[in-house]
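This chain uses plain numbering: 1 for the first residue, then up along the sequence.
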Amino acid sequence: TPLTHYPANAPVSQFWVLGVSSVSIFAWAFHWRDLLVLDRHGVFNWALWKNATSPFVCSSVTELLMDILLLQQMRTMERRMGSNKFAGLTLLAASLASILQVACISMFPARNFSFGGPNAVLFAILVQYMMDVPSLASFKFLGVPMTEKTFTYLMASSLALMQGGSSTITCILGTFIGILYRAKGVGMSSFRFPVTVQNFATRLFRHFLSVSDQSAVPRINLPTTHGNPADSPADHGARGARAPNDIFANRNRDFEPIPEHLLNHVAPSEPNITAIVEMGFSRERAMAALSEHGDSVDMALNSLVAQDE
């Protein structure tokens, strides 16, 4: 089974988690939330930076925790779609939601709308999650049929109602964008994050968005012969007849680890190959890099980027 590691196989999801967490905490600590969320004051005073910062600013700690949990859950979609396509979806969702939110504020200036947080992005991804990820288990809770996806939907519903009208509108806009993304003839699903930007972001953030998968590989020590004739294959049958004391007498013998290249050499998985190919690399190079780095997308991508520098 290929090794899977959340930070290594879902860098875009981790970027959103880190971005939302850090910007929200920064805004709360310095009381700058009103300067970063998209509201009536920002629209009518042309505070354009709020369009870029508002998706990263949550209104409360509870909302932040729920956003993080849902973003981690949505890493399933990143692995299915590939990081390049998934990044394109989040970029489209954030951009279109910002435009539609400005339109809502302009149409209803008397309403005190305040838009913040990644809810639109989350709900656009949730549409893909609902349509593409099958339910693996079903059960009943208090007589109500449920699946393992039910709790994800319940958490998302709570998020939609958390801030009243503003959060509900944002989630509706995100759902609309997610449906539009799947519509045939629109062409949104063919959008990919630009490869040049992808490579630049990888070089810039790889120290923050990567972990070593070596911790996930078991260190297995095998006994070595070191020229001892008793350890030869011909003597294998005689070893089974040794007395217990002879067996325990060898407990302090030397061991040597399996070479690193053998530990890391695993067959690359097709989703990970596709994810790297969508970033602009050839299939042959993607397979070779994944095989060398234990099927870790992040480590393979770092290796390919370093080769091209």
Visitor: Has the side chain of S95 got a donor or acceptor atom that lies under 3.5 Å from a matching backbone atom of L92?
Guide: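 Not a single qualifying donor-acceptor pair exists.
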Visitor: Say you draw a straight line from CG of L122 to OG1 of T175; how long is it, rounded to the nearest 0.5 Å?
Guide: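 L122 atom CG to T175 atom OG1 measures 10.5 Å (nearest 0.5 Å).
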Visitor: Looking at M146, is its backbone amide N or carbonyl O close enough to the side chain of S138 to form a donor-acceptor pair, meaning the two atoms are under 3.5 Å apart?
Guide: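 The answer is no, because no donor-acceptor pair under 3.5 Å joins these two groups.
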Visitor: Show the nearest heavy-atom pair for residues Q73 and T152, with the distance to one decimal.
Guide: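 Residues Q73 and T152, closest heavy atoms: CG-OG1, 3.8 Å.
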Visitor: In the hydrophobic clustering (ILVMFWY, side-chain contacts below 4.5 Å, transitive), which residues join W32, or is it alone?
Guide: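 Joined to W32, directly or through intermediates: F26, F30, L35.
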Visitor: Any non-hydrogen side-chain atom of N51 less than 4.5 Å from a side-chain atom of W49?
Guide: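 Answer no - side chains too far apart.
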Visitor: Locate the shortest heavy-atom distance separating P109 from R40; write the atom from each residue and the value.
Guide: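 Minimum heavy-atom contact is O-NH1, 2.8 Å.
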Visitor: Tell me if the CZ atom of F108 is crowded by more than 12 foreign heavy atoms within 6.0 Å.
Guide: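 Open.
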Visitor: Determine, step by step, whether N119 and T170 satisfy the side-chain hydrogen bond (donor to acceptor under 3.5 Å, both in side chains) criterion, reporting the C-alpha distance in whole Å, the side-chain angles of both residues, the deciding distance to 0.1 Å, and the verdict.
Guide: CA-CA 6 Å; N119 294 357; T170 301; 5.7 Å; no
Visitor: Please determine if K85 forms a cation-pi arrangement with F191, meaning its NZ or CZ atom is less than 6.0 Å from the six-membered ring centre and no more than 45° off the ring axis.
Guide: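 The answer is no; the distance or angle limit is not met.
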Visitor: Under a 4.0 Å threshold between the charged nitrogen and the carboxylate oxygen, would D39 count as salt-bridged to K50?
Guide: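 Salt bridge between K50 and D39, a charged N being under 4.0 Å from a carboxylate O: yes.
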Visitor: To the nearest 0.5 Å, how far apart are CG in L65 and SG in C58?
Guide: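 That separation rounds to 9.0 Å.
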Visitor: Does the plane of the ring in Y153 sit parallel, tilted or perpendicular to the ring in Y129? Use 30° and 60° as the thresholds.
Guide: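 Correct class here is perpendicular.
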Visitor: If we only count heavy atoms from C-beta on, is the S114 to S59 side-chain gap below 4.5 Å?
Guide: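 The answer is no, as the side chains (C-beta and beyond) never meet within the 4.5 Å cut-off.
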Visitor: Taking Q72's backbone N and O only, do any of them form a donor-acceptor pair with R75's side chain (distance below 3.5 Å, no angle check)?
Guide: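 Here the side-chain-to-backbone pair exists.
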Visitor: On a heavy-atom basis, which atom in V20 and which in P55 lie closest, and how many Å separate them?
Guide: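 Closest approach of V20 to P55, heavy atoms only: CG2-O, 4.0 Å.
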Visitor: Quick check against the 3.5 Å criterion: does S21 have a side-chain atom that pairs as donor or acceptor with the backbone of L18?
Guide: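 Side chain of S21 to backbone of L18: no pair is present.
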Visitor: Tell me whether R182 at atom CZ has more than 12 heavy atoms from other residues, nucleotides or ligands lying less than 6.0 Å away.
Guide: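 More than 12 heavy atoms, drawn from other residues, nucleotides or ligands, come within 6.0 Å of this atom.
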Visitor: Considering non-hydrogen atoms only, spot the tightest contact between L159 and M66 and give its length.
Guide: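 Heavy atoms only, the tightest pair is N-CE, 3.9 Å.
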Visitor: Can we call the ring centroids of F113 and F115 under 6.0 Å apart?
Guide: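 Under 6.0 Å, so yes.
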Visitor: About how many Å separate CD1 of I179 and CE of M131, when rounded to the nearest 0.5 Å?
Guide: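 So the gap between those two atoms works out to 9.0 Å.
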Visitor: What heavy-atom pair brings V37 and G116 nearest, and what distance separates the two atoms?
Guide: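 Closest approach of V37 to G116: CG1-CA, 4.4 Å.
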Visitor: Determine the minimum heavy-atom distance between L36 and A27, stating which atoms define it.
Guide: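 Closest approach of L36 to A27: CD1-CB, 3.8 Å.
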Visitor: S158 side chain to L154 main-chain N or O, any donor-acceptor pair under 3.5 Å?
Guide: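 Flag set: sc S158 to bb L154 pair under 3.5 Å.
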